[in-house]
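Since the model is a prediction, treat every value here as computed from it, not as a measurement. The first residue of the sequence shown is numbered 1, and numbering continues consecutively from there.
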Amino acid sequence: MKAPIRKAVFPVAGLGTRFLPATKAMPKEMLTVVDRPLIQYVVEEARAAGIEHFILVTGRNKAVIEDHFDIQVELEAALRARGRADALEDLSPDLPTPGQMSFTRQQVPLGLGHAVWCARELVGHEPFAVLLPDMIMQGTPGCLSQMVAVYNETGGNVIAVEECDPDRTNQYGIVGVGEAAAKGAFRITAMVEKPDPKSAPSNLFINGRYILQPGIFEHLARQHRGAGNEIQLTDAMIALSKAEAFYGHRFTGRTFDCGSKLGFLVANVAFALGREDLGDAFADEVRALLDAKRS
């Protein structure tokens with residue numbers, strides 16, 4: 001019997017230096033795509049995949065993230081007094097039930113692997129998901145839901161991947177492709193961090209969604225420093241892959257790298273165009289801007 005994926009880890013301790021000065025006093029994860037912060041998109045994706053316990057690894061000046069997922073008594077009272085039932089309905093789906101959300105601190109920024117390791121006591125000895133809030137997805141079903149379906153067939157560890165330009169493999173973690181394992185999935189034969197395009201095992205990059213077995217913590221606990229003198233999750237996965245199977249899932253959808261300014265802006269456009277209440281009017285405004293730029 002495969003243990004179900006009940007818990008998810010969200011590393012949100014980053015400094016967000018690529019978005020200064022906007023992130024000087026506000027966490028990067030609270031930047032909004034249309035009218036929702038980045039962290040809300042990934043929490044909703046996890047909830048749709050059946051996640052029951054949301055574990056956020058935070059840092060200093062991140063308390064506003066905790067506040068976002070809490071009840072705002074004064075705000076709700078004001079909305080009720082004004083008869084704003086629509087706004088109240090927008091707030092209610094965001095809130096986890098009591099005990100569903102936990103927070104732990106990463107006191108020192110030592111990399112993604114270290115952030116995941118900080119969640120070890122809350123995860124316990126069961127498989128879990130990791131979702132990077134920088135990466136938000138469009139797809140039906142969601143990326144993690146697709147991965148859980150693969151996991152239910154294969155077990156082991158599952159990583160979501162997408163294609164990149166073969167000349168840009170030196171910007172990503174790249175996987176090697178083995179035999180087919182499930183619909184849309186394959187056995188991973190290698191994981192290489194930012195390989196030269198001439199030696200890359202494929203052009204499939206790891207897109208920020210993982211299902212991992214608890215054995216990963218044993219490797220992370222060794223605190224081995226890798227690229228950038230940080231504790232890299234990829235290094236621990238490579239070590240774990242010598243004993244446990246890893247599978248790649250080709251995500252059928254679109255990923256937006258909101259850790260970059262361009263990706264963040266494109267995400268705002270894409271999600272706005274997909275909204276029933278905004279899409280048509282927003283498309284007209286975008287066309288007008290493009291026409292003005294061409295003239």
Side-chain angles (χ1 to χ4, degrees), residues 7-49 51 53-70 72 90-96 100-106 109 111-112 115-116 118-119 129-147 160 162 171-172 205-210 233 251 253-275 278 282:
K7 299 181 179 180
V9 175
F10 305 83
V12 295
L15 298 175
T17 53
R18 285 189 285 180
F19 279 88
L20 288 171
T23 51
K24 180 180 178 181
M26 180 177 69
K28 172 185 61 177
E29 297 80 14
M30 291 301 294
L31 294 174
T32 56
V33 170
V34 189
D35 55 3
R36 286 170 169 76
L38 295 173
I39 185 62
Q40 185 173 326
Y41 283 96
V42 291
V43 167
E44 288 175 354
E45 178 188 332
R47 183 184 287 119
I51 296 299
H53 189 179
F54 308 89
I55 302 167
L56 278 69
V57 182
T58 71
R60 283 178 289 279
N61 302 319
K62 301 280 185 170
V64 67
I65 298 177
E66 298 186 36
D67 291 341
H68 178 72
F69 291 104
D70 198 357
Q72 296 287 346
D90 285 340
L91 288 177
S92 57
D94 307 342
L95 296 179
Q100 269 197 315
M101 188 160 280
S102 299
F103 300 87
T104 188
R105 279 289 186 103
Q106 182 188 23
L112 175 59
V116 173
C118 289
V130 177
L131 297 90
L132 304 190
D134 281 356
M135 313 297 281
I136 63 172
M137 318 291 205
Q138 274 186 330
T140 304
C143 185
L144 188 60
S145 294
Q146 294 178 26
M147 294 170 67
E162 294 181 53
Q171 300 180 27
Y172 303 101
F205 73 94
I206 301 170
N207 73 359
R209 299 291 187 270
Y210 312 79
L233 182 60
F251 171 51
R254 185 171 183 185
T255 298
F256 302 92
D257 180 3
C258 293
S260 73
K261 293 176 184 177
L262 180 60
F264 175 73
L265 292 170
V266 172
N268 269 278
V269 173
F271 277 85
L273 289 173
R275 289 271 293 263
L278 292 172
F282 184 66

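Taking the six-membered ring for Trp and the full ring otherwise, Phe54 and Phe69 have centroids separated by 6.0 Å or more.
Side-chain atoms of Glu45 and Cys143, non-hydrogen and from C-beta on, do get closer than 4.5 Å to each other. Between Arg275 and Asp35, the closest side-chain pair of non-hydrogen atoms falls below 4.5 Å. When side chains are defined from C-beta on, Leu144 counts as touching Leu131, because their heavy atoms get closer than 4.5 Å. Side-chain contact between Pro37 and Pro133 is absent, with no heavy-atom pair separated by less than 4.5 Å. Side-chain contact between Phe10 and Val42 is present, with at least one heavy-atom pair separated by less than 4.5 Å. Here the side chains of Leu112 and Leu132 are in contact, with some heavy-atom distance below 4.5 Å. Contact check for Tyr41 versus Met137: no side-chain heavy atoms found under the 4.5 Å cut-off. For the pair Val130 and Arg209, the minimum side-chain heavy-atom distance is 4.5 Å or more.
Within a 6.0 Å sphere centred on CG of Asn268, heavy atoms belonging to other residues, nucleotides or ligands number more than 12.
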Q: Could you give me the CA-CA distance, side-chain angles and deciding distance for Thr17 and Thr23, then say whether side chain to side chain contact (heavy atoms under 4.5 Å, CB included) is met?
A: CA-CA 7 Å; Thr17 53; Thr23 51; over 6 Å; no
**Q.** side chain to side chain contact (heavy atoms under 4.5 Å, CB included) evaluation trace for Leu31 with Met26
**A.** CA-CA 8 Å; Leu31 294 174; Met26 180 177 69; 3.2 Å; yes
Q.
Determine whether Lys28 and Asp134 satisfy the following criterion, side chain to side chain contact (heavy atoms under 4.5 Å, CB included), listing intermediate values before the conclusion.
A. CA-CA 8 Å; Lys28 172 185 61 177; Asp134 281 356; 2.9 Å; yes
Q: For the pair Lys62 and Glu29, evaluate side chain to side chain contact (heavy atoms under 4.5 Å, CB included) and give the outcome as yes or no after the intermediate values.
A: CA-CA 9 Å; Lys62 301 280 185 170; Glu29 297 80 14; 2.8 Å; yes
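Rounded to the nearest 0.5 Å, atoms CD1 (Ile39) and CG (Leu56) are 5.0 Å apart. Between the OG1 atom in Thr255 and the CE atom in Met135 there is a gap of 5.5 Å [rounded to 0.5 Å]. Distance CD/Glu162 to CZ/Phe205: 4.5 Å, rounded to 0.5 Å. Interatomic distance, OG of Ser145 versus CZ of Arg47, reported as 12.5 Å (0.5 Å rounding). Atom OH of Tyr172 sits about 10.5 Å away from atom CG of Asn207, to the nearest 0.5 Å. A distance of 13.0 Å separates CZ in Arg36 from CG in Leu38, rounded to the nearest 0.5 Å.
The minimum heavy-atom distance between Phe271 and Ile136, with the atom names listed, is CE1-CD1, 3.7 Å. Pairing each heavy atom of Phe251 with each of Gly139, the nearest pair is CZ-CA, 4.4 Å. Nearest heavy-atom pair, Thr32 versus Phe264, reported as atom, atom and distance to 0.1 Å: O-CZ, 3.2 Å. When all heavy atoms are compared, the tightest approach of Thr104 to Ala119 is CG2-CA, 4.4 Å. Closest approach of Ala270 to Gln138, counting heavy atoms only: O-NE2, 3.6 Å.
In this structure, Glu66 contributes its side chain and Phe103 its backbone to no donor-acceptor pair below 3.5 Å.
Between the side chains of Gln40 and His68, at least one donor N or O sits under 3.5 Å from an acceptor N or O.
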